[in-house]
Amino acid sequence: MAARIYKPAKSAAQSGMARTKQWLLAFDQDAPRVIEPLMGWTSSGDTRQQLRLWFDTREEAIAYAQREGIAYRVEEPQDIKRRPMAYSDNFKFNRVGPWTH
């Protein structure tokens with residue numbers, strides 16, 4: 001079973017950068033989930049996919065995976081592209097879209 005080591009992106013409902021500085025080791029799904037016929041619940045016999053391990057650095061996560069003999073792949077985080085804007089940019093005369101109420 002392979003594992004994925006990555007830095008999770010912040011959620012859309014999150015304004016801060018909490019839990020985005022740590023690295024996460026999460027196991028891939030080994031077998032597809034099945035629907036239990038009586039109740040209709042989705043289940044799986046694979047309990048490793050529920051396991052999520054947090055590490056402070058990428059090297060710690062890689063060392064753990066190598067020490068435990070876990071096949072892994074590292075996904076590098078993408079850089080955040082920020083556009084610097086000022087509040088006064090909303091009222092410029094050369095604004096692309098019209099400003100109305």
Hey, mind stepping through Q66 and Y72 against side-chain hydrogen bond (donor to acceptor under 3.5 Å, both in side chains) and telling me if it holds?
CA-CA 8 Å; Q66 289 174 346; Y72 65 92; 3.0 Å; yes

Start with the C-alpha gap between Y64 and I70, add the side-chain angles, then the distance that decides, and say whether side chain to side chain contact (heavy atoms under 4.5 Å, CB included) holds.
CA-CA 8 Å; Y64 176 81; I70 300 168; 4.1 Å; yes

Worked verdict on Q49 versus D28 for side chain to side chain contact (heavy atoms under 4.5 Å, CB included)
CA-CA 6 Å; Q49 68 186 1; D28 292 334; over 6 Å; no

Go through the steps for Q29 and D46 under the test side-chain hydrogen bond (donor to acceptor under 3.5 Å, both in side chains), then give the verdict.
CA-CA 8 Å; Q29 194 171 339; D46 179 25; over 6 Å; no

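No more than 12 heavy-atom neighbours from other residues, nucleotides or ligands sit within 6.0 angstrom of CD on Q78. Summarising the local packing, CD1 of I35 is surrounded by 12 or fewer heavy atoms from other residues, nucleotides or ligands at distances under 6.0 Å.
A distance of 13.0 Å separates CD1 in I62 from CZ in R67, rounded to the nearest 0.5 Å. In this structure, R48 CZ and F27 CZ are separated by 4.0 Å, a value rounded to the nearest 0.5 Å. Rounded to the nearest 0.5 angstrom, L53 CG and E60 CD are separated by 12.0 Å.
Contact check on E75 versus R73 returns a salt bridge, with a Lys/Arg side-chain nitrogen under 4.0 Å from an Asp/Glu carboxylate oxygen.
Looking at heavy atoms from C-beta onward, R58 lies out of side-chain contact with K7 at the 4.5 angstrom threshold. Residues S44 and V34 form no side-chain contact, since every pair of their non-hydrogen atoms from C-beta on lies 4.5 Å or further apart. The shortest distance between side-chain heavy atoms of I5 and W23 falls below 4.5 Å. R4 places none of its side-chain heavy atoms less than 4.5 Å from the side chain of L25.
For the pair R52 and Y6, the tightest heavy-atom approach, listed with the atom from each and the gap, is NH2-OH, 3.7 Å.
Using a 4.5 Å cut-off between side-chain heavy atoms of Ile, Leu, Val, Met, Phe, Trp and Tyr, with links allowed through other members, Y87 and M85 fall into different hydrophobic clusters.
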